[in-house]
Amino acid sequence: MATSATMFVKLAFLLSFLSSASALWPIPRQLSTGNITVRLASSFGIHANFAGAPSDLNDAISRTMSIIKTDQLAPLVIDRGASLIPTIQKAKQLTSLTLELSSSGGNPKTTVATSVPSISEEAVKAIGERDESYTLSVPGDGSSATIKANTTLGLLRGMTTFTQLLFTVDNMIFTSEAPVEITDSPAFPFRGFMLDTARNFFPVSDIKRTLDAMSWSKINQFHWHVTDSQSFPLQIPGFMELSQKAAYTASSVYTPSDVSDIVSYAAERGIDVLIEIDTPGHTAAISKSHPEHIACNEATPWANFANEPPAGQLRLASDATTNFTASMLAAVAKMFPSTLMSTGGDELNVNCYTQDNETQASLNASGLTLEQALSKFTVTTHAAIEKLGKTPVVWEEMVLEHNVTLANDTIAMVWISSDDVAAVAAKGFRIVHGPSDFFYLDCGGGEWVGVDIGNSWCDPFKTWQKAYSFDPFANLSEAQQSLILGGEQLLWTEQSSPSNLDPIVWPRAATSAEVFWTGATLPDGSQRNTPAGSDTALPRLHDLQFRMVARGVNAIPLQPQWCAVRPGVCDLTA
């Protein structure tokens, strides 16, 4: 007879396997699984069952096949699946995954090639018009698995989920959860990640690797904060002097070719690129080529004139500066296919304009107050991008702190505090969550402004658990909930560079991907933003981290591996 200790070990192993087997991130909205093991046949392939599959779908199929073959991830259990080998060897073989594209009525699409929109086309549609829904069926009898979707973008999301069902033991690729039935679609249309490439420069290769990692957790919006007071690395046709004078080095720039490459790479992975040119603040770098447009340029002490050094803001009361900015923003807008474009609008320093003689002269000549001049500047610059089909995106101050005329469809990003969301919603603007108290990845590194030994303003470190606990509808009425488009996690890079990009972002940034894909209720009926929700999330997040590392992303572990293969055993209450 087995001892009680032996029985406990066996039971712990069984429970650890069962609790970690569903390793999907973000977890689908509707999910049912079984306990039948099927393994992939050596001849396994993915096939589009319709005419005219676009090239980027075929490329996505090739990438998916490569991931399936190279992940080589053993189950995160104590023996890493060794005890499953006899079962896998005898399992029925899955020979194919069939992709089916349906019309909006649900009937299979059998149209000619020109009528099948590509993933890239679907990814950059207006917010709310992107169809990412799909169904995935993996039978337990060895017959073909199937992904059905209305769009190629939905098929891409389904293939991403399919890869997460698979593990490898003794060179056999398998799932122990068949039959699998998934019906899935995002709870929110905007699921983003923001990267600041102005404080420190990030080569295109780092951005592409980040886009890959985003796609693996179905993050669909790359918010690119490309310029700031410290540097201006973006080459803009017609405004090349900006980067020539204000990039850190001649090679620390993003050429129009680089932009096109990044935009295409992102779109093929179902990601839209939201470009931000922050104005009128955070623009000191423009002074290197156009000092006439910048107030309080590099004034000291800088803390009297700006939130970060160097000081310098656009002379928003000047017609010449307003027209320059509008033309520059329009030139940037033409580089990006997204229907969204951010003009920033945060951290305006009034003292800078009060002490700027040129600004005061412009205000006196026009008879406008500073707030009226700011509104005129905003209306003019927004009109320039709206004319090109862009919806303006602004930081929350433009709604809450200034008396500025904004178009009704303007999107406000709430960053200072999650407590500000209700006030923005009360003004009727659509909202993207990015609050520093939940989603700022750079917090917790301490102060960076010289010899100050204090904490940074947004400390402490924002853990994955903190982000995962976020409630998108907190303090909102039921009527206001429709204003929430989703949210993003953000990396401001005062203390980040290519050297620590992956570890500081992944897998933490993926937590909000599930917050805004799956929503409040998990498939088992439990509430996500509760301790029970976090308990079920951690084993799946471990799995995502292991897969990221296998695919070349240097994501950090969330626990010792001893804990990762023993779910729950390292809890304080265990």
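In what follows, residues are counted from 1 in the order of the sequence shown.
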Between [X] and [Y], do the side chains contain an N or O donor and an N or O acceptor separated by less than 3.5 Å?
X      : Y      : answer
Asn58  : Ser55  : no
Gln230 : Glu494 : no
Trp224 : Asp196 : no

Side chains of [X] and [Y] in contact at under 4.5 Å (non-hydrogen atoms):
X      : Y      : value
Glu100 : Phe50  : no
Leu340 : Ile411 : yes
Leu155 : Tyr134 : no
Leu94  : Val138 : yes
Val226 : Glu276 : no

Looking only at non-hydrogen atoms, find the nearest pair between Ile294 and Ala284 and report the distance.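 Nearest heavy atoms, Ile294 then Ala284: CG2-CA, 4.5 Å.
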
For Gly52 and Val116, which heavy atoms make the closest approach, and how far apart are they?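 Residues Gly52 and Val116, closest heavy atoms: O-CB, 3.6 Å.
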
Salt bridge or not between [X] and [Y]? Use side-chain N to carboxylate O under 4.0 Å.
X      : Y      : value
Asp212 : Arg269 : yes
Arg547 : Asp543 : yes
Asp131 : Lys125 : no
Glu121 : Arg130 : no
Glu514 : Arg540 : yes

May I ask you to check if Lys462 and Tyr440 form a cation-pi contact, with NZ or CZ under 6.0 angstrom from the six-membered ring centre and within 45° of the axis?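 No cation-pi geometry.
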
Are the side chain of Ser338 and the backbone N or O of Val124 linked by a donor-acceptor pair below 3.5 Å?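 Between the backbone of Val124 and the side chain of Ser338 there is no qualifying donor-acceptor contact (under 3.5 Å).
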
Relative to each other, are the rings of [X] and [Y] parallel, tilted or perpendicular (30° and 60° limits)?
X      : Y      : answer
Trp415 : Trp395 : perpendicular
His293 : His290 : tilted
Phe193 : Phe222 : parallel

Which residue is it: Thr160, Asp184, Leu165, Thr163? I am looking for the one with a side-chain contact (heavy atoms from CB on, under 4.5 Å) to Leu24.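 Option passing the side-chain contact (heavy atoms from CB on, under 4.5 Å) with Leu24: Leu165.
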
Residues in salt bridge (charged side-chain N to carboxylate O under 4.0 Å, His left out) contact with Arg191, at least two apart in sequence or another chain: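 Here the qualifying residues are Glu132.
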
All salt bridge (charged side-chain N to carboxylate O under 4.0 Å, His left out) counterparts of Asp502, not counting sequence neighbours: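 Checked Asp502 against salt bridge (charged side-chain N to carboxylate O under 4.0 Å, His left out); matches are Arg209.
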
Can Asp437 and Ser418 be said to form a side chain to side chain donor-acceptor pair (under 3.5 Å), step by step? CA-CA 7 Å; Asp437 48 332; Ser418 58; 2.6 Å; yes

Apply ring pair (Phe, Tyr, Trp, His ring centres under 6.0 Å) to Phe201 and Tyr248, showing your working. CA-CA 8 Å; Phe201 181 78; Tyr248 283 131; 8.3 Å; no

Under the side chain to side chain donor-acceptor pair (under 3.5 Å) criterion, do Asp258 and Thr255 qualify, and how do the steps go? CA-CA 5 Å; Asp258 290 333; Thr255 67; 3.2 Å; yes

Please identify which of these residues, Asp442, Thr493, Asp228, meets the side-chain hydrogen bond (donor to acceptor under 3.5 Å, both in side chains) condition with Arg199.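 The residue from Asp442, Thr493, Asp228 that satisfies side-chain hydrogen bond (donor to acceptor under 3.5 Å, both in side chains) with Arg199 turns out to be Asp228.
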
OG on Ser512 to CD on Glu488, rounded to 0.5 Å: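 If we round to the nearest 0.5 Å, Glu488:CD and Ser512:OG are 8.5 Å apart.
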
